[in-house]
Amino acid sequence: MDPDRKARAEVNKFMRGLIRRNPGEKEFHQAVLEVTETLMPFILDHPSYRQAQILERMTEPDRIVIFRVTWEDDNGEIRANRAWRVQFNNSIGPYKGGMRFHPDVTLSVLKFLGFEQVFKNSLTGLPMGGAKGGSNFNPKGKSDREVMRFCHSLMIELHRHIGEDTDVPAGDIGVGPREISYMFGQYKRMENRWAGILTGKGLNYGGSLVRTEATGYGTVYFMQNMLETRGDGIAGKVCSVSGSGNVALYAIEKLIELGAKVVTASDSGGFIHDPDGIDADKLAWLKELKEVRRGRIHEYAEHFPHATFYPGERPWKVKVDLAFPCATQNEIHVEDAETLVENGLIAIAEGANMPSDLAAVHTFLAHGVLFGPAKAANAGGVAVSGLEQTQNAQRITWTREEVDERLRRIMSDIHRKCVEYGADNGYVNYVRGANIAGFIKVADAMLAYGVV
Ligand code: NDP
């Protein structure tokens with residue numbers, strides 16, 4: 001059998017087993033298929049991974065903790081939510097990965113995120129295993145006190161499962177500085193000790209400079225690295241960004257600083273198109289809207305009359321050179337990818353996790369678009385979380401310049417690894433490069449440990 005057909009047959013067989021073992025978990029199936037498609041030929045060429053069943057073991061989390069979080073709302077009503085921590089793989093370091101609070105959170109979503117995190121953390125070169133957690137709690141519309149009571153209650157259970165050498169959670173969708181502070185304060189009270197058991201902390205109690213900006217900045221640095229392979233750069237490029245949360249806002253900030261013109265932003269209500277570009281003053285207004293007032297993106301178009309709000313839509317129909325999906329999973333479907341390509345898209349860097357579905361990824365690759373997959377392009381956030389852990393452990397604080405310089409170095413290192421394993425006839429398949437480079441380090445550690 002020719003090698004391509006053999007690899008395809010092996011992928012199909014492997015996926016049938018995975019789907020049987022994990023019924024109904026469609027996001028998890030999607031994430032595993034994306035990795036397996038590109039990894040299988042490599043594994044078939046390296047029989048030791050096959051004999052040790054490394055792929056089977058890497059797709060089975062080490063453990064999953066599921067628990068109830070009971071709390072009282074402002075009206076005195078009792079509420080109950082479900083929370084999870086998926087500790088996926090700690091072969092190369094303590095578990096590390098964010099907590100997501102969103103009504104759409106399911107075990108499938110957290111397993112896809114935890115699985116991706118294993119590869120991403122490996123790519124950073126730092127000693128971090130992969131995990132993810134969260135709850136179906138919806139912070140939107142809740143008062144600060146309600147969010148506090150929920151976070152405190154969640155930590156009463158979570159504290160048993162985390163620790164600076166065990167598992168170090170961080171933020172993600174719906175979990176920002178406010179939620180991290182409430183969780184950290186409760187842990188400290190329960191354990192009667194100060195330890196860096198969460199990252200994304202406030203600057204006056206152990207947080208790192210540049211952590212807030214790191215995912216967005218890192219995504220733009222990765223884009224810079226990709227464009228440089230074609231002798232190109234960011235200055236003068238027209239860009240679309242989706243989302244208006246942590247990742248999106250700081251991707252926009254860095255793009256403006258590097259001379260690009262960002263023409264879109266979004267939230268779950270729709271997107272705004274500002275043909276004049278979001279400049280530094282407009283971004284300051286947008287940050288205040290989103291980070292302080294917790295407002296909605298349609299207010300941007302009411303405040304800046306040249307902008308238009310498109311309710312219920314995503315920004316991919318707007319003609320741009322570069323795209324930065326920074327909201328959520330599966331926000332770019334194949335039709336969106338085709339529209340972007342027809343409109344002359346040069347490159348895309350994923351700030352969000354798995355924002356492009358598999359058919360969209362195939363479309364970008366087939367058309368030679370530079371495609372920076374999430375596990376490489378958005379690894380800057382967890383990388384600076386790793387640097388926060390180092391600073392906490394050493395009881396020191398690095399300057400903004402020092403952290404930013406380390407972030408840049410880590411992103412270009414990740415880029416180099418992707419090129420090493422993904423370059424093919426003058427085109428870099430970053431999906432393959434990231435999957436293989438991320439896999440090798442974890443797989444080799446697992447081989448070394450024997451049958452565990
Ligand atoms: P935030 O909660 O700060 O922002 C999320 C943004 O995405 C908001 O604008 C939100 O709009 C929008 N959004 C969320 N869900 C949907 C949806 N179903 N449809 C449309 N828009 C949606 O989260 P982050 O910025 O931290 O995270 C964004 C993405 O980046 C996620 O995929 C996350 O996993 C990934 N990521 C984050 C990292 C970090 O350091 N924070 C690190 C690496 C990856 P609305 O307010 O209306 O819900």
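Ligands are counted one by one from 1 in listed order, and the atoms in each one are counted from 1 as well. We count residues from 1, following the sequence as given. Remember, predicted model here, so these are calculated numbers, not experimental data.
The option from Pro103, Gly245, Gly174 that lies nearest to atom 2 (O) of ligand 1, judged by heavy atoms, is Gly174. Across the listed options Leu249, Val109, Thr328, Thr219, Thr328 owns the non-hydrogen atom lying nearest to atom 17 (C) of ligand 1. Counting heavy atoms only, Thr215 comes closest to atom 40 (O) of ligand 1 of the residues Val382, Asn246, Leu113, Thr215. Here atom 29 (C) of ligand 1 lies nearest to Ala327 when heavy atoms of Ala327, Gly97, Ala265, Gly270 are compared.
Within ligand 1, counting atoms from 1 as listed, the ones closer than 4.0 Å to a heavy atom of Ala352 are 29 (C), 30 (O), 32 (O), 35 (C). Numbered from 1 in the order shown, with element, the atoms of ligand 1 that lie under 4.0 Å from a heavy atom of Ser244 read 9 (O). Taking every non-hydrogen atom of Arg100 and a distance limit under 4.0 Å, the qualifying atoms of ligand 1 come out as 31 (C), 32 (O), 33 (C), 34 (O). Counting the atoms of ligand 1 from 1 in the order shown, those under 4.0 Å from a heavy atom of Gly351 are 30 (O), 35 (C), 36 (N), 44 (C).
Close N/O approach between Gln329 and ligand 1 is not found [any backbone or side-chain N/O within under 3.5 Å]. Polar contact check, Gly243 against ligand 1: no nitrogen or oxygen pair lies under 3.5 Å apart. Backbone and side-chain nitrogen or oxygen atoms of Asn353 are examined, and one is located within less than 3.5 angstrom of a nitrogen or oxygen of ligand 1. Polar contact with ligand 1: absent for Asn378 (N/O pair, distance under 3.5 Å). By the 3.5 Å distance cut-off applied to N or O atoms, Asp104 is not counted among the residues near ligand 1. On a distance-only criterion, Ser268 and ligand 1 share at least one N/O pair closer than 3.5 Å.
In terms of protein heavy atoms, atom 27 (O) of ligand 1 is closest to Ile173 CG1, 3.7 Å. Atom 48 (O) of ligand 1 has Lys140 NZ, 2.8 Å as its closest protein atom, hydrogens excluded (heavy atom only). At the shortest separation from atom 46 (O) of ligand 1 among protein heavy atoms lies Arg296 NH1, 3.4 Å. Protein heavy atom in closest approach to atom 33 (C) of ligand 1: Asp172 OD1, 3.1 Å.
Using a cutoff of 4.0 Å between basic side-chain nitrogens and carboxylate oxygens, Lys417 and Glu420 are not scored as salt-bridged. Under a 4.0 Å N-O distance rule, the pair Arg296/Glu302 does not qualify as a salt bridge. Salt bridge present: Glu253 and Lys287 bring a charged side-chain N and a carboxylate O closer than 4.0 Å. With salt bridges taken as basic N to acidic carboxylate O contacts below 4.0 Å, one links Lys282 and Asp274. Salt-bridge check for Lys237 with Asp321: failed, with every basic side-chain N at 4.0 Å or more from each acidic carboxylate O.
Donor-acceptor pairing under 3.5 Å is recorded for the side chains of Asn136 and Asn81. Side chains of Glu299 and His303: a donor-acceptor N/O pair is absent below 3.5 angstrom, by distance only. For the 3.5 Å distance criterion, the side chains of Tyr217 and Asp404 fail to qualify, holding no donor opposite an acceptor.
Under a 4.0 angstrom heavy-atom cut-off, His102 registers as being in contact with ligand 1. Residue Gly176 places every heavy atom at 4.0 Å or more from ligand 1. Residue contacts with ligand 1 do not include Ala248, since none of its heavy atoms lies under 4.0 Å from the ligand.
Pairing each heavy atom of Ala327 with each of Ser242, the nearest pair is N-OG, 3.6 Å.
Ile348 is listed as a side-chain neighbour of Ile332, based on a closest heavy-atom distance under 4.5 Å. Put simply, the side chain of Trp398 reaches to within 4.5 Å of the side chain of Arg406, judged on heavy atoms.
Protein non-hydrogen atoms do not reach within 4.0 Å of atom 10 (C) of ligand 1.
Taking the six-membered ring where tryptophan is involved, the planes of Phe119 and Phe439 are essentially parallel, since the angle between them stays under 30° and well short of 60°. Aromatic ring pairs are classed by plane angle as parallel below 30°, tilted from 30° to 60° and perpendicular above 60°; the pair Trp285 and Tyr300 is perpendicular.
Looking at Arg211 against ligand 1, only its side chain comes within 4.0 Å, counting heavy atoms. The proximity of Ser266 to ligand 1, defined as any non-hydrogen pair under 4.0 Å, is limited to the backbone. At a 4.0 Å heavy-atom cut-off, ligand 1 touches Cys326 through the backbone alone. By the criterion of a heavy-atom distance under 4.0 Å, neither the backbone nor the side chain of Glu331 is placed next to ligand 1. Proximity of Val247 to ligand 1, defined as any heavy-atom pair under 4.0 Å, is shared by backbone and side chain alike.
A salt bridge (Lys or Arg N to Asp or Glu O under 4.0 Å) with Asp74 is found for one member of Arg149, Arg145, Lys142 and no other, namely Arg149.
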Glu34 vs Phe115, test: side-chain contact (heavy atoms from CB on, under 4.5 Å). Steps then yes/no.
CA-CA 11 Å; Glu34 187 250 0; Phe115 179 69; over 6 Å; no
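Distance alone, capped at 3.5 Å, places no donor-acceptor pair between the Asn378 side chain and the Thr215 backbone.
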